[in-house]
Novice: 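I am attaching a structure below and will ask some questions about it afterwards.
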Amino acid sequence: MADFPEILTNSRFYLELKLAGSQEPIDGYFMECQGFKTTQEVIEISEVTPQTWGKAGNANGRIVRTKIPGNITYSNIILRRGLTISMTIWNWLAAIQEGNWSEQRRDGSLVIYNQAAEEKFRLEFKNAWPSSYIISDVKADGSEHEIEEIEVVVEELKRVKVS
């Protein structure tokens with residue numbers, strides 16, 4: 001019997017965030033995230049060659065188009081979790097808002113586990129910082145959990161091999 005790659009489900013993952021200077025081993029566990037996207041721009045270059053072309057032997061040259069890779073961009077990551085009493089995420093955002101953003105950029109990773117709770121997938125991001133923070137609407141008669149949402153800007157996104 002051949003070994004087939006295991007299909008990873010989205011029911012066993014969490015995103016862990018560790019901030020420098022924290023007293024906690026992990027500063028945030030998130031159960032929902034979106035926006036892990038990387039895009040490479042396409043640059044089209046047109047060159048005119050001295051080659052003649054067509055039945056008439058047009059001497060104006062032939063246009064050759066080449067597409068080459070350009071800048072890489074990464075979308076913002078949106079993280080959601082149930083509201084906790086932890087002030088870590090709020091303090092991180094506040095430090096950014098106070099103008100301390102260059103010292104507050106952090107690294108993190110998205111980890112997905114198989115059904116046996118073994119790490120099988122890791123996507124790392126670099127130099128992240130929060131750009132927005134939302135708490136879901138509060139209703140006194142509601143039975144839903146309060147949701148905390150943070151949007152994080154990332155400068156680099158890379159899939160790494162899990163050993």
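We count residues from 1, following the sequence as given.
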Novice: Is any side-chain heavy atom of Leu110 closer than 4.5 Å to a side-chain heavy atom of Phe121?
Specialist: yes
Novice: Measure the OG1-CG distance between Thr38 and Leu123 for me, rounded to the nearest 0.5 Å.
Specialist: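 Reported value, rounded in 0.5 Å steps: 9.5 Å.
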Novice: Do Val162 and Lys120 come within less than 4.5 Å of each other through their side chains, counting heavy atoms only?
Specialist: no
Novice: Inspect the contact between Glu32 and Arg80 and indicate whether a charged nitrogen and a carboxylate oxygen are less than 4.0 angstrom apart.
Specialist: yes
Novice: Under 3.5 Å, is there a donor-acceptor pair between the Glu146 and Ser136 side chains?
Specialist: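 Ser136 and Glu146 do have a side-chain donor-acceptor pair below 3.5 Å.
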Novice: Which residues end up grouped with Trp129 if you chain together Ile, Leu, Val, Met, Phe, Trp and Tyr wherever their side-chain heavy atoms are less than 4.5 Å apart?
Specialist: Ile96, Trp101, Val153
Novice: If you round to the nearest 0.5 Å, how far is NZ of Lys67 from CD1 of Ile45?
Specialist: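 Answer rounded to 0.5 Å: 12.5 Å.
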Novice: Nearest 0.5 Å, please: how far is CD in Glu98 from CG in Leu93?
Specialist: 9.5 Å
Novice: Give a yes or no answer on whether the side chain of Ser75 reaches the backbone of Gly35 with a donor-acceptor pair at less than 3.5 Å.
Specialist: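 Here the side-chain-to-backbone pair exists.
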Novice: Would you call Phe30 and Ile89 a side-chain contact if the rule is heavy atoms closer than 4.5 Å?
Specialist: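 With C-beta onward as the side chain, the pair touches.
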Novice: Decide yes or no for Tyr29 and Arg81: does some side-chain heavy atom of the first lie under 4.5 Å from some side-chain heavy atom of the second?
Specialist: no
Novice: Spell out, as yes or no, whether a donor-acceptor pair under 3.5 Å connects the side chain of Gln40 to the backbone of Gly70.
Specialist: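 Present.
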Novice: Find out whether Glu149 and Ile78 are in side-chain contact, i.e. whether some heavy atom of one side chain is under 4.5 Å from a heavy atom of the other.
Specialist: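 Of all side-chain heavy-atom pairs linking Ile78 with Glu149, at least one is under 4.5 Å.
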Novice: Are a donor atom and an acceptor atom from the side chains of Ser86 and Thr84 found within less than 3.5 Å of each other?
Specialist: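 On atom types as modelled, these side chains do not qualify, holding no pair under 3.5 Å.
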Novice: What verdict does the side chain to side chain contact (heavy atoms under 4.5 Å, CB included) test give for Asn127 and Asp107, after you've listed the backbone C-alpha separation in whole Å, the side-chain angles of each residue and the deciding distance to 0.1 Å?
Specialist: CA-CA 5 Å; Asn127 295 326; Asp107 300 341; 4.2 Å; yes
